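As structure tokens, the structure follows; a few thoughts come after it.
All residue numbers in this chain count up from 1 along the given sequence. In each ligand, atom 1 is the first atom listed, and ligand 1 is the first ligand listed. These numbers were taken from a predicted model, which means no experiment stands behind them.
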Amino acid sequence: MPVEVIAIASDHGGFDFKELFKADLKNYGYEVLDLGCYDNTSVDYPNYANNMAEAILDGNAMRGVLVCGSGIGISISANRHKHIRAALVHNTLTAKLCREHNNANVLVLGGRTTDIKVAKDCLRVFLDTGFEGGRHQDRIDIIS
Ligand code: RB5
């Protein structure tokens with residue numbers, strides 16, 4: 001079976017989490033597509049949300065992870081793109097529900113608002129949880 005590619009991007013507020021997540025993703029057996037940023041220098045988070053939207057639209061990854069300081073700005077930016085369902089989560093329950101009910105294709109975390117252990121657990125749950133379909137698909141169709 002081909003290895004799934006997970007795209008990942010952050011601004012400076014999420015950079016440290018991004019680097020930690022990259023190591024986790026590789027340990028879990030995924031290929032990682034790093035869309036920046038590449039150090040702690042201050043950058044504009046919408047550009048990294050746009051990088052994610054483009055990577056998914058182009059088929060370079062099916063799913064992705066975004067991180068900024070709060071997770072708010074980068075999730076607002078990502079959700080401007082019609083093919084993106086980006087879910088800002090703060091615990092494993094919302095990480096699970098965003099997959100089961102919302103078929104989220106992008107997980108969003110706040111690098112300054114979420115404990116790193118919780119964030120790592122959210123990543124694992126997001127990766128391992130499937131979409132339930134059915135009535136939830138009907139609702140996603142309404143969004144689209
Ligand atoms: C950057 O300072 C910060 O504003 C950004 O990471 C994010 O929290 C925006 O929503």
**OP:** Please indicate whether any nitrogen or oxygen in Tyr45 is less than 3.5 Å from any nitrogen or oxygen in ligand 1.
**Re:** no
**OP:** Verify the neighbour count for atom CZ of Arg80: are there more than 12 heavy atoms of other residues, nucleotides or ligands below 6.0 Å?
**Re:** no
Subject >> Closest protein heavy atom to atom 7 (C) of ligand 1, given as residue, atom name and distance to 0.1 Å >> reply: Cys68 SG, 3.4 Å
**OP:** Could you tell me whether a side-chain N or O of Arg99 sits under 3.5 Å from a main-chain N or O of Ala104, the two making a donor and an acceptor?
**Re:** yes
**OP:** Apply salt bridge (charged side-chain N to carboxylate O under 4.0 Å, His left out) to Asp34 and list each qualifying residue two or more places apart in sequence or on a separate chain.
**Re:** Lys18, Lys22
**OP:** Among all protein heavy atoms, pick the one closest to atom 2 (O) of ligand 1 and tell me residue, atom and distance.
**Re:** Arg112 NH1, 3.3 Å
**OP:** Within a distance under 4.0 Å of any heavy atom of Gly69, pick out the atoms of ligand 1 and give their elements.
**Re:** 5 (C), 6 (O), 7 (C), 8 (O)
Original post:
Do Asn50 and Glu54 meet the criterion of a side-chain donor-acceptor pair at a distance under 3.5 Å?
Top reply: no
Original post:
Do the side-chain N and O atoms of Ser144 and Asp141 include a donor-acceptor pair separated by under 3.5 angstrom?
Top reply: no
**OP:** Compute the shortest N/O to N/O distance between Gly13 and ligand 1 and return yes if it is under 3.5 Å, no if not.
**Re:** no
Original post:
Nearest 0.5 Å, what's the CZ-OH distance between Phe21 and Tyr30?
Top reply: 14.0 Å
Original post:
Of all residues at least two apart in sequence or in a different chain, which pass the ring-ring contact (aromatic ring centres under 6.0 Å, His included) check with Tyr45?
Top reply: none
Original post:
Any N/O of Gly73 closer than 3.5 Å to an N/O of ligand 1?
Top reply: yes
**OP:** Distance to 0.1 Å, residue and atom name: give those for the protein heavy atom nearest to atom 8 (O) of ligand 1.
**Re:** Ser70 N, 2.9 Å
**OP:** May I ask you to identify the nearest protein heavy atom to atom 1 (C) of ligand 1, giving residue, atom name and distance to one decimal place in Å?
**Re:** His12 NE2, 3.5 Å
Subject >> Sub-4.0 Å atoms of ligand 1 with respect to non-hydrogen atoms of Asp11 >> reply: 1 (C), 5 (C), 6 (O)
Subject >> atom 4 (O) of ligand 1 touched by protein (heavy atom, under 4.0 Å) >> reply: no
